[in-house]
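Notes follow the structure.
Keep in mind that the numbers below use all heavy atoms, side chains included, and drop hydrogens, waters and symmetry copies.
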Amino acid sequence: MATTEHPPPSRLRTWMLEGLSDMGKAGGHTGPHAQPEPPHKGQRWWRVMCLTGVDYFSTLGYQPGIAALAAGLLSPIATIVLVIVTLAGALPVYRRVAEESPHGEGSIAMLERLLTFWKGKLFVLTLLGFAATDFLITITLSAADASTHLVENPHLTSTLHDKQMLITLVLVALLGAVFLKGFLEAIGVAVALVAVYLALNVVVVIVGVWHVANAGHVITDWSSALTAEHGNVFAMVGVALLVFPKLALGLSGFETGVAVMPHVQGDEGDTEEDPRGRIRDTKKLLTAAAVIMSVFLIATSFITTLLIPEKEFQSGGQANGRALAYLAHEYLGGAFGTVYDVSTIAILWFAGASAMAGLLNLMPRYLPRYGMAPHWARAVRPMVIVFTLVGFLVTWIFDADVDAQGGAYATGVLVLMSSAAIAVTIAARRAQQRGWTIGFAVVSAVLLYVTVANVVERPDGVKIGACFIAGIILISLLSRLARAFELRVTSVTLDDMAELFVRDMASRKMRFIANEPDQRDKAEYRDKIEQIRADNDMPEQEDFVFVEVTLTDPSEFEASLTVRGEVLHNRYRVLTLESASIPNALAALLLHVRDSTNCTPHMYFEWTEGSPFANFLRFFLFGQGEVAPVTREVLREAEPDRARRPRVHTG
């Protein structure tokens, strides 16, 4: 396209926009202006599982306490229900998502393909709002829980008891600093953290089970209390099903699992179009993570319910938000408990890294492509600053309270999981897989029930999600409006006939007529030429080439342009194009012709009848409207040098 001289950027700007993706080496961002993606290398699936695991496994830091608060004595039974939903519902859904959308876009890309025009864009923006809720609250909630573990440590509580907000903000800032430095590969750190954390949890679980086994009355007291409270097994299961939505945080790792999918190595023969090995190994990743987490969830809910007094789970209690840490200190001593606290703090803090990686992978794949974010939104560092500042705001709004953020977190997780279940149900139906369609439909119904129940129980979650959605839609529309006159054609290709027309015209004045194709008969072209000559007082010997643009989906923003030439009625030369925006296509063609011939092309238009404001809205929403002045404005922004700018004539 047009080449325009700009002053050299400052060192800060160069550093901030260095590369379009610091994570490109593991499957970077895509987009028309993105740098070419290097050959895919990636990491072994079990190592990438640890990157997912810093988010998924870290929920052990607070999930047993949440389960105890929600279900009380029924916590183990409710957790078993959660595990059944995980293994029989969420896991098959996300294995199918990995198969259908293997490039990290997740179920949003599957649903995007079902809808076109603006309704598709708004639907995707809504899902991105819930994704932002999920990932950003992951960052802030994990940091808040890490600070809780630090503050509640018996050796530090007297010193740090009123510093939780400050500690949480520092942890969020440190996470942002990691990415600003240039976060290329955190998988090695994640492997170490997950290995240490799970090993310490194995010790806590074994010691907890040993204490339960050696204090037989604990099980007897628990079962007697359950029977007295709920009567029989069926009543217990029924109540467990009712309280199960409150345990939804235990499902949180799957969306992150598919978001980091581009990091999976796969086979040597994998390509971006057909990454079979990556899909297979991602399924292994999801299955292994789900099985490991399920075992830990059942074991930890059992020992924490039986060994921790109920009052300690309440707000202000020593086990609130840190049930396993409480057991570590209680049964393994202060030294081991402190090591466990350090490990938990580290993995909870680094859980935000997994979420940040998901955000940086997801958002730039959609918003810049829609024209709903500035160009710098494809660069990592500016987006890290934006997400970090939003993390500060969320932390301040929730006062760094883990329980207060649980509703928003669960809402984001459940909406994304429900949309994933619906997406794979539709995919199975289109593939005429009747059994899978029925199975996924049942999972969709269960997840929708859980989502609705969670929203009814904790409406603050959907309110926060709605704030994220409103913010994303508003900022996106303002960005699209600000970029309305931007040249957004990424490349122009002419076929042989079109090239012949251009070379022939290059020997004299290059005159094009913008024509809205109608009947395309001889009279249409003859009358158009006569009108242009009369409006512009031109001699009859001047010849023209017609340019006709067929409008595609006007909600799209960036695309390449293919120009085809044809001769109609053995006389009239016509260039035909397809584009989401008529003015942009015409401007891009003129600039390409100018650059390829070193001649100044002229294009002739009719004035469009009607209100200029209404015509601008037609252009903004539907890609057509006041074509002549908008084409001229696009040319003016793309080529500041007036002497080199193609000419626009309107009569």
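- Formation of a donor-acceptor pair under 3.5 Å by the S444 side chain with backbone atoms of A421 is found in this model.
- Rounded to the nearest 0.5 angstrom, S343 OG and L348 CG are separated by 9.0 Å.
- For the residue pair T86/S294, the side-chain donor-acceptor check at 3.5 Å is not satisfied.
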Could you walk me through whether K283 and W45 satisfy the side chain to side chain contact (heavy atoms under 4.5 Å, CB included) test, starting with their C-alpha distance in whole Å, then the side-chain angles of each, then the deciding distance to 0.1 Å, before giving a yes or no? CA-CA 9 Å; K283 290 181 178 180; W45 68 265; over 6 Å; no
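- At a threshold of 4.5 Å between non-hydrogen side-chain atoms, the residues H329 and D341 count as touching.
- In terms of heavy-atom proximity, W436 sits nearest to P92 at CZ3-CB, 4.4 Å.
- Side-chain atoms of S101 never come within 3.5 Å of backbone atoms of A98 as a donor-acceptor pair (strictly under, hydrogens ignored).
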Apply the test side chain to side chain contact (heavy atoms under 4.5 Å, CB included) to residues W349 and V54: give CA-CA distance (whole Å), side-chain angles for both, the deciding distance (0.1 Å), then the verdict. CA-CA 9 Å; W349 169 68; V54 292; over 6 Å; no
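- Between the side chain of T305 and the main chain of F302, no donor-acceptor pair closer than 3.5 Å is present.
- In this structure, CG on L73 lies 8.5 Å from CH2 on W222, to the nearest 0.5 angstrom.
- The shortest non-hydrogen separation linking Q164 to A144 is NE2-O, 3.4 Å.
- With contacts defined as side-chain heavy-atom distances shorter than 4.5 Å, the pair L51/Q43 does not qualify.
- Taking both residues in full, the closest heavy atoms of L447 and S418 are given as O-OG, 3.4 Å, listed atom of the first, atom of the second, then distance.
- Within 6.0 Å of atom CZ in R280, more than 12 heavy atoms from other residues, nucleotides or ligands are found, so the atom counts as buried in its surroundings.
- Here the CD1-CD distance, from I438 to Q433, works out to 12.0 Å after rounding to the nearest 0.5 Å.
- The shortest distance between side-chain heavy atoms of N201 and Y340 falls below 4.5 Å.
- Taken from CD in Q63 to OG in S75, the straight-line distance is 8.5 Å, to the nearest 0.5 Å.
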Run T388 and M356 through side chain to side chain contact (heavy atoms under 4.5 Å, CB included) and show every step you take. CA-CA 9 Å; T388 301; M356 183 74 84; 4.1 Å; yes
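- In this structure, F387 has no ring-ring contact (aromatic ring centres under 6.0 Å, His included) partners at least two apart in sequence or on a different chain.
- By the 4.5 Å heavy-atom criterion applied to side chains, L175 and L171 are not counted as neighbours.
- At a threshold of 4.5 Å between non-hydrogen side-chain atoms, the residues K284 and W46 do not count as touching.
- Of all non-hydrogen atoms in L169 and F392, the two that sit nearest each other are O-CE2, 3.4 Å.
- You'll find the side chain of T411 stays beyond 4.5 Å of the side chain of T133, heavy atoms only.
- Using modelled atom types, one finds no donor on one side chain facing an acceptor on the other under 3.5 Å when comparing T168 with T395.
- Side-chain atoms of S301 come within 3.5 Å of backbone atoms of I298 as a donor-acceptor pair (strictly under, hydrogens ignored).
- Atom OH in Y197 sits 6.5 Å away from atom CG in L324 (nearest 0.5 Å).
- Counting only heavy atoms from C-beta outward, the side chains of T59 and M293 approach each other to under 4.5 Å.
- Under the 4.5 Å side-chain criterion, counting only non-hydrogen atoms from C-beta, F398 is not in contact with T140.
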Please assess F336 against V203 for the test side chain to side chain contact (heavy atoms under 4.5 Å, CB included), listing each intermediate value before the final yes or no. CA-CA 10 Å; F336 183 91; V203 174; 3.7 Å; yes
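- Atom OG1 of T282 and atom CE of M261 lie 3.5 Å apart (nearest 0.5 Å).
- The shortest non-hydrogen separation linking F296 to V202 is CZ-CG2, 3.7 Å.
- The two residues V204 and I303 have their closest heavy-atom pair at O-CD1, 4.0 Å.
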